[in-house]
Participant: 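Starting off with a structure, shown below.
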Amino acid sequence: MWQAIIIVKYKVGILDPEAKTIQHALNTLGYQAVTGVETGKYFEVTLDGKLSRSEAEQMVREFSTKLLSNPVVQHFTMELLEIQP
Amino acid sequence: MKFGVVVFPGSNCDHDAYHVIKHVLKERVEYIWHKEENLRLFDVIVLPGGFSYGDYLRAGAVARFAPIMNAIQEFARRGGFVLGICNGFQILLEAGLLPGALIPNDHLRFRCQEVCIKVVNNQTPFTHGYTKGQVLRMPIAHYSGNYYADDDTIKMLQDEERIAFQYCTADGAVTPAANPNGSLLNIAGIFNREKNVLGMMPHPERAAELILGSEDGLGIFKSLVQHAEVRV
(Lines give C-alpha, C1' and ligand atoms only; values in the text may rest on other atoms or scores of the structure.)
Protein backbone atom coordinates (compact mmCIF):
# COMPACT_ATOMS: atom_id res chain seq x y z
CA MET A 1 0.00 0.00 0.00
CA TRP A 2 1.00 3.59 -0.52
CA GLN A 3 0.54 6.36 1.97
CA ALA A 4 0.61 9.89 0.63
CA ILE A 5 1.29 12.72 3.04
CA ILE A 6 0.08 16.01 1.64
CA ILE A 7 0.47 19.44 3.19
CA VAL A 8 -1.49 22.36 1.77
CA LYS A 9 -0.38 25.89 2.63
CA TYR A 10 -1.10 29.41 1.47
CA LYS A 11 1.27 30.74 -1.19
CA VAL A 12 3.85 33.32 -0.18
CA GLY A 13 2.26 36.77 -0.22
CA ILE A 14 -1.27 35.58 0.62
CA LEU A 15 -2.37 36.86 4.01
CA ASP A 16 -2.71 34.03 6.54
CA PRO A 17 -4.46 35.79 9.43
CA GLU A 18 -4.58 32.62 11.54
CA ALA A 19 -0.79 32.26 11.39
CA LYS A 20 -0.32 35.95 12.27
CA THR A 21 -2.64 35.56 15.28
CA ILE A 22 -0.77 32.46 16.50
CA GLN A 23 2.57 34.20 16.11
CA HIS A 24 1.28 37.16 18.09
CA ALA A 25 -0.03 34.82 20.83
CA LEU A 26 3.33 33.02 21.04
CA ASN A 27 5.17 36.33 21.35
CA THR A 28 2.70 37.44 24.03
CA LEU A 29 3.36 34.20 25.94
CA GLY A 30 7.01 35.24 26.13
CA TYR A 31 8.39 33.32 23.16
CA GLN A 32 10.04 36.41 21.69
CA ALA A 33 12.32 34.23 19.57
CA VAL A 34 9.37 33.18 17.38
CA THR A 35 9.69 35.23 14.21
CA GLY A 36 7.32 33.43 11.87
CA VAL A 37 4.38 30.99 11.76
CA GLU A 38 2.73 29.30 8.80
CA THR A 39 -0.41 27.18 9.02
CA GLY A 40 -1.69 24.54 6.64
CA LYS A 41 -3.76 21.41 6.23
CA TYR A 42 -2.30 17.96 6.62
CA PHE A 43 -3.73 14.89 4.83
CA GLU A 44 -2.82 11.20 5.01
CA VAL A 45 -4.26 9.32 2.06
CA THR A 46 -3.79 5.59 1.49
CA LEU A 47 -3.76 4.20 -2.05
CA ASP A 48 -4.01 0.77 -3.57
CA GLY A 49 -0.67 -1.09 -3.58
CA LYS A 50 -1.31 -2.28 -7.16
CA LEU A 51 -0.37 1.19 -8.42
CA SER A 52 3.24 1.76 -9.40
CA ARG A 53 5.07 4.54 -7.60
CA SER A 54 4.79 6.87 -10.56
CA GLU A 55 1.07 6.12 -11.02
CA ALA A 56 0.43 6.81 -7.35
CA GLU A 57 2.44 10.04 -7.48
CA GLN A 58 0.60 11.23 -10.54
CA MET A 59 -2.78 10.48 -8.96
CA VAL A 60 -1.91 12.33 -5.75
CA ARG A 61 -0.68 15.36 -7.69
CA GLU A 62 -3.86 15.35 -9.74
CA PHE A 63 -6.34 15.24 -6.85
CA SER A 64 -4.28 17.59 -4.71
CA THR A 65 -4.51 20.19 -7.49
CA LYS A 66 -8.18 19.48 -8.22
CA LEU A 67 -9.61 19.20 -4.74
CA LEU A 68 -7.26 19.31 -1.74
CA SER A 69 -5.80 22.70 -2.65
CA ASN A 70 -7.06 25.78 -4.46
CA PRO A 71 -4.17 26.68 -6.79
CA VAL A 72 -5.29 30.32 -6.90
CA VAL A 73 -4.12 30.87 -3.31
CA GLN A 74 -2.50 27.63 -2.11
CA HIS A 75 0.28 25.20 -2.96
CA PHE A 76 0.98 21.70 -1.68
CA THR A 77 3.89 19.42 -0.91
CA MET A 78 3.63 15.63 -1.02
CA GLU A 79 5.54 12.60 0.14
CA LEU A 80 4.77 9.02 -0.87
CA LEU A 81 5.61 6.15 1.48
CA GLU A 82 5.29 2.40 0.93
CA ILE A 83 3.47 0.94 3.98
CA GLN A 84 2.39 -2.52 5.12
CA PRO A 85 -1.41 -3.10 4.99
CA MET B 1 -39.08 34.07 -16.59
CA LYS B 2 -38.25 30.90 -14.72
CA PHE B 3 -35.79 30.81 -11.84
CA GLY B 4 -34.19 27.70 -10.38
CA VAL B 5 -32.73 27.71 -6.86
CA VAL B 6 -30.10 25.02 -6.37
CA VAL B 7 -30.22 23.06 -3.12
CA PHE B 8 -27.00 21.48 -1.86
CA PRO B 9 -26.74 19.59 1.43
CA GLY B 10 -26.07 22.53 3.77
CA SER B 11 -27.65 25.32 1.71
CA ASN B 12 -29.62 27.57 4.07
CA CYS B 13 -30.62 30.64 2.06
CA ASP B 14 -32.46 28.61 -0.59
CA HIS B 15 -35.84 29.31 1.04
CA ASP B 16 -35.16 33.05 1.27
CA ALA B 17 -34.30 33.19 -2.44
CA TYR B 18 -37.36 31.09 -3.35
CA HIS B 19 -39.63 33.30 -1.22
CA VAL B 20 -38.40 36.55 -2.78
CA ILE B 21 -38.72 35.27 -6.34
CA LYS B 22 -42.14 33.71 -5.84
CA HIS B 23 -43.88 36.08 -3.40
CA VAL B 24 -42.16 39.44 -3.86
CA LEU B 25 -41.07 39.30 -7.51
CA LYS B 26 -44.04 37.04 -8.44
CA GLU B 27 -42.06 35.00 -10.96
CA ARG B 28 -41.92 31.25 -11.50
CA VAL B 29 -39.38 29.39 -9.40
CA GLU B 30 -38.43 25.83 -8.51
CA TYR B 31 -35.93 24.23 -6.21
CA ILE B 32 -33.32 22.13 -8.03
CA TRP B 33 -31.63 19.28 -6.16
CA HIS B 34 -27.85 19.26 -6.64
CA LYS B 35 -27.99 15.92 -8.45
CA GLU B 36 -30.09 17.34 -11.30
CA GLU B 37 -28.30 17.44 -14.66
CA ASN B 38 -30.91 19.06 -16.90
CA LEU B 39 -31.46 22.84 -16.66
CA ARG B 40 -33.23 23.38 -19.99
CA LEU B 41 -36.41 24.73 -18.40
CA PHE B 42 -34.70 27.60 -16.58
CA ASP B 43 -33.66 31.16 -17.47
CA VAL B 44 -31.86 31.99 -14.23
CA ILE B 45 -30.03 29.70 -11.82
CA VAL B 46 -29.46 30.92 -8.26
CA LEU B 47 -26.71 29.34 -6.18
CA PRO B 48 -27.82 30.29 -2.68
CA GLY B 49 -25.93 30.99 0.52
CA GLY B 50 -25.27 28.50 3.26
CA PHE B 51 -22.64 25.96 4.16
CA SER B 52 -22.72 23.38 1.37
CA TYR B 53 -21.05 20.17 2.53
CA GLY B 54 -20.27 21.82 5.85
CA ASP B 55 -17.65 24.09 4.22
CA TYR B 56 -15.33 21.09 4.56
CA LEU B 57 -11.86 21.61 3.05
CA ARG B 58 -12.72 25.14 1.82
CA ALA B 59 -16.04 26.90 1.33
CA GLY B 60 -17.49 25.67 -1.97
CA ALA B 61 -14.68 23.18 -2.64
CA VAL B 62 -16.83 20.06 -2.53
CA ALA B 63 -20.03 21.52 -3.99
CA ARG B 64 -18.24 22.36 -7.24
CA PHE B 65 -18.05 18.62 -7.98
CA ALA B 66 -21.82 18.07 -7.51
CA PRO B 67 -23.48 16.65 -10.65
CA ILE B 68 -25.38 19.89 -11.26
CA MET B 69 -22.18 21.91 -11.67
CA ASN B 70 -21.41 20.46 -15.13
CA ALA B 71 -24.91 21.44 -16.19
CA ILE B 72 -24.40 24.95 -14.78
CA GLN B 73 -21.10 25.32 -16.70
CA GLU B 74 -22.95 24.43 -19.90
CA PHE B 75 -25.95 26.61 -18.97
CA ALA B 76 -23.64 29.62 -18.42
CA ARG B 77 -21.71 28.91 -21.61
CA ARG B 78 -24.98 29.11 -23.56
CA GLY B 79 -25.76 32.50 -22.02
CA GLY B 80 -28.08 31.46 -19.17
CA PHE B 81 -27.98 33.73 -16.11
CA VAL B 82 -26.26 32.47 -12.98
CA LEU B 83 -26.39 34.35 -9.68
CA GLY B 84 -24.15 33.06 -6.87
CA ILE B 85 -24.80 34.57 -3.45
CA CYS B 86 -22.33 34.16 -0.57
CA ASN B 87 -21.62 30.40 -0.54
CA GLY B 88 -22.90 30.41 -4.13
CA PHE B 89 -20.15 32.95 -5.01
CA GLN B 90 -17.58 30.73 -3.28
CA ILE B 91 -18.77 27.76 -5.37
CA LEU B 92 -18.58 29.75 -8.64
CA LEU B 93 -14.96 30.67 -7.86
CA GLU B 94 -13.99 27.11 -6.93
CA ALA B 95 -15.64 25.91 -10.15
CA GLY B 96 -13.69 28.44 -12.22
CA LEU B 97 -16.83 30.17 -13.54
CA LEU B 98 -15.41 33.35 -11.99
CA PRO B 99 -11.72 34.19 -11.37
CA GLY B 100 -9.97 34.55 -8.01
CA ALA B 101 -10.67 33.10 -4.58
CA LEU B 102 -12.40 33.92 -1.31
CA ILE B 103 -10.12 33.35 1.69
CA PRO B 104 -10.94 33.74 5.40
CA ASN B 105 -11.71 37.31 6.54
CA ASP B 106 -8.57 39.24 7.51
CA HIS B 107 -9.76 39.62 11.12
CA LEU B 108 -10.75 35.91 11.42
CA ARG B 109 -14.26 36.73 12.61
CA PHE B 110 -17.58 35.66 11.15
CA ARG B 111 -19.23 38.93 10.11
CA CYS B 112 -23.03 39.17 10.24
CA GLN B 113 -24.00 42.81 9.71
CA GLU B 114 -25.48 45.29 7.30
CA VAL B 115 -23.03 46.82 4.82
CA CYS B 116 -23.15 49.46 2.11
CA ILE B 117 -22.08 48.52 -1.39
CA LYS B 118 -21.64 50.70 -4.43
CA VAL B 119 -22.87 49.75 -7.91
CA VAL B 120 -19.69 49.91 -10.02
CA ASN B 121 -21.09 48.70 -13.35
CA ASN B 122 -24.81 49.18 -14.07
CA GLN B 123 -24.55 48.27 -17.78
CA THR B 124 -25.37 44.58 -17.21
CA PRO B 125 -28.51 42.42 -17.14
CA PHE B 126 -28.14 42.11 -13.33
CA THR B 127 -27.65 45.79 -12.51
CA HIS B 128 -29.30 48.00 -15.14
CA GLY B 129 -32.10 48.82 -12.68
CA TYR B 130 -29.61 50.73 -10.54
CA THR B 131 -27.72 53.92 -11.28
CA LYS B 132 -23.92 53.89 -11.51
CA GLY B 133 -22.47 54.68 -8.11
CA GLN B 134 -25.77 54.00 -6.30
CA VAL B 135 -25.23 52.90 -2.70
CA LEU B 136 -27.18 49.78 -1.63
CA ARG B 137 -27.72 48.46 1.89
CA MET B 138 -27.58 44.68 2.28
CA PRO B 139 -26.55 42.20 4.94
CA ILE B 140 -23.44 40.05 4.85
CA ALA B 141 -22.97 36.85 6.87
CA HIS B 142 -19.70 35.06 6.18
CA TYR B 143 -16.30 33.91 7.42
CA SER B 144 -14.60 33.51 4.03
CA GLY B 145 -15.44 36.64 2.08
CA ASN B 146 -12.00 38.09 1.61
CA TYR B 147 -11.67 38.38 -2.17
CA TYR B 148 -8.21 37.67 -3.55
CA ALA B 149 -6.85 37.49 -7.10
CA ASP B 150 -3.39 38.08 -8.55
CA ASP B 151 -2.47 41.48 -10.01
CA ASP B 152 -3.14 40.43 -13.63
CA THR B 153 -6.61 39.17 -12.74
CA ILE B 154 -7.47 42.34 -10.82
CA LYS B 155 -6.34 44.44 -13.79
CA MET B 156 -8.44 42.28 -16.13
CA LEU B 157 -11.50 42.72 -13.89
CA GLN B 158 -11.02 46.48 -14.00
CA ASP B 159 -10.30 46.67 -17.74
CA GLU B 160 -13.32 44.53 -18.62
CA GLU B 161 -15.60 46.36 -16.14
CA ARG B 162 -16.27 43.15 -14.28
CA ILE B 163 -16.38 44.58 -10.76
CA ALA B 164 -20.08 44.64 -9.90
CA PHE B 165 -20.04 46.01 -6.34
CA GLN B 166 -17.53 47.47 -3.88
CA TYR B 167 -17.95 47.85 -0.11
CA CYS B 168 -18.28 51.54 0.69
CA THR B 169 -19.38 54.07 3.30
CA ALA B 170 -22.99 55.28 3.45
CA ASP B 171 -22.07 58.15 1.12
CA GLY B 172 -20.33 55.90 -1.39
CA ALA B 173 -16.65 56.31 -0.48
CA VAL B 174 -14.62 53.13 -1.04
CA THR B 175 -12.37 53.17 2.05
CA PRO B 176 -10.44 50.58 4.09
CA ALA B 177 -12.77 51.26 7.04
CA ALA B 178 -15.80 50.29 4.92
CA ASN B 179 -14.19 46.96 3.99
CA PRO B 180 -15.66 44.25 6.25
CA ASN B 181 -13.35 41.37 5.33
CA GLY B 182 -10.09 42.48 3.70
CA SER B 183 -11.19 42.03 0.07
CA LEU B 184 -8.83 43.50 -2.53
CA LEU B 185 -10.21 46.82 -3.86
CA ASN B 186 -13.19 46.34 -1.47
CA ILE B 187 -14.63 43.90 -4.02
CA ALA B 188 -18.07 42.60 -2.98
CA GLY B 189 -19.14 41.06 -6.30
CA ILE B 190 -17.83 40.35 -9.81
CA PHE B 191 -19.12 39.31 -13.24
CA ASN B 192 -17.77 36.90 -15.81
CA ARG B 193 -16.55 38.39 -19.07
CA GLU B 194 -19.94 37.99 -20.80
CA LYS B 195 -21.83 39.49 -17.79
CA ASN B 196 -24.26 36.58 -17.52
CA VAL B 197 -22.69 35.24 -14.30
CA LEU B 198 -22.63 37.33 -11.09
CA GLY B 199 -21.09 36.26 -7.80
CA MET B 200 -21.48 38.41 -4.68
CA MET B 201 -20.98 38.08 -0.92
CA PRO B 202 -23.82 40.37 0.29
CA HIS B 203 -27.33 38.88 0.35
CA PRO B 204 -29.78 40.66 -2.01
CA GLU B 205 -32.46 38.09 -1.17
CA ARG B 206 -32.35 39.20 2.47
CA ALA B 207 -32.77 42.83 1.42
CA ALA B 208 -35.85 42.59 -0.76
CA GLU B 209 -38.66 43.73 1.56
CA LEU B 210 -38.91 46.98 3.53
CA ILE B 211 -40.29 45.11 6.55
CA LEU B 212 -36.89 43.41 6.74
CA GLY B 213 -35.01 46.70 6.69
CA SER B 214 -34.08 47.17 3.03
CA GLU B 215 -35.36 46.38 -0.42
CA ASP B 216 -32.18 47.47 -2.17
CA GLY B 217 -31.42 43.89 -3.24
CA LEU B 218 -34.63 43.45 -5.19
CA GLY B 219 -33.17 45.48 -8.07
CA ILE B 220 -30.94 42.58 -9.10
CA PHE B 221 -33.91 40.25 -9.54
CA LYS B 222 -36.03 42.97 -11.19
CA SER B 223 -33.20 43.87 -13.57
CA LEU B 224 -33.05 40.27 -14.77
CA VAL B 225 -36.81 40.11 -15.33
CA GLN B 226 -36.87 43.44 -17.20
CA HIS B 227 -33.89 42.37 -19.29
CA ALA B 228 -35.80 39.24 -20.36
CA GLU B 229 -38.95 41.23 -21.18
CA VAL B 230 -37.03 43.65 -23.39
CA ARG B 231 -35.33 40.76 -25.14
CA VAL B 232 -38.65 39.03 -25.89
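Chain letters run A, B, ... following the sequence lines, proteins first and then strands; every chain starts at 1.
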Participant: Using the ring of each side chain (for Trp, its six-membered ring), is B:H34 parallel, tilted or perpendicular to B:F8, with breaks at 30° and 60°?
Facilitator: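 Plane angle between 30° and 60°, so tilted.
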
Participant: Begin from the C-alpha positions of B:R206 and B:C13 and carry the test side-chain contact (heavy atoms from CB on, under 4.5 Å) through to its verdict.
Facilitator: CA-CA 9 Å; B:R206 294 191 201 171; B:C13 299; 3.1 Å; yes

Participant: Which residues in residues 41-54 of chain A have a heavy atom less than 4.5 Å from any heavy atom of chain B?
Facilitator: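 Residues in range: A:K41, A:F43.
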
Participant: Of all residues at least two apart in sequence or in a different chain, which pass the side-chain hydrogen bond (donor to acceptor under 3.5 Å, both in side chains) check with B:N122?
Facilitator: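 Checked B:N122 against side-chain hydrogen bond (donor to acceptor under 3.5 Å, both in side chains); zero matches.
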
Participant: Could you tell me which portion of B:D150 (side chain, backbone, both or neither) has an atom closer than 4.5 angstrom to a non-hydrogen atom of chain A?
Facilitator: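 Contact with chain A: none, neither part.
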
Participant: Of B:L198, B:V119, B:N121, which meets side-chain contact (heavy atoms from CB on, under 4.5 Å) against B:F126?
Facilitator: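 So the option named by the test is B:L198.
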
Participant: In terms of side-chain geometry, is the basic nitrogen of B:D159 or B:K155 positioned less than 4.0 Å from the acidic oxygen of its partner?
Facilitator: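 Yes, B:D159 and B:K155 are salt-bridged.
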
Participant: Can you classify the ring geometry of B:Y31 versus B:H15 as parallel (below 30°), tilted (30 to 60°) or perpendicular (above 60°)?
Facilitator: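 Tilted, since the angle between the ring planes falls between 30° and 60°.
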
Participant: Chain B: which of A:N70, A:V8, A:V73 shares the most heavy-atom pairs with it under 4.5 Å?
Facilitator: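 Among the listed options, the one with the most contacts to chain B is A:N70.
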
Participant: Over all heavy atoms of both residues, which pair between B:H203 and B:G49 is shortest? Give the atoms and the distance, please.
Facilitator: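 Taking B:H203 first and B:G49 second, the nearest heavy atoms are CE1-CA, 4.3 Å.
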
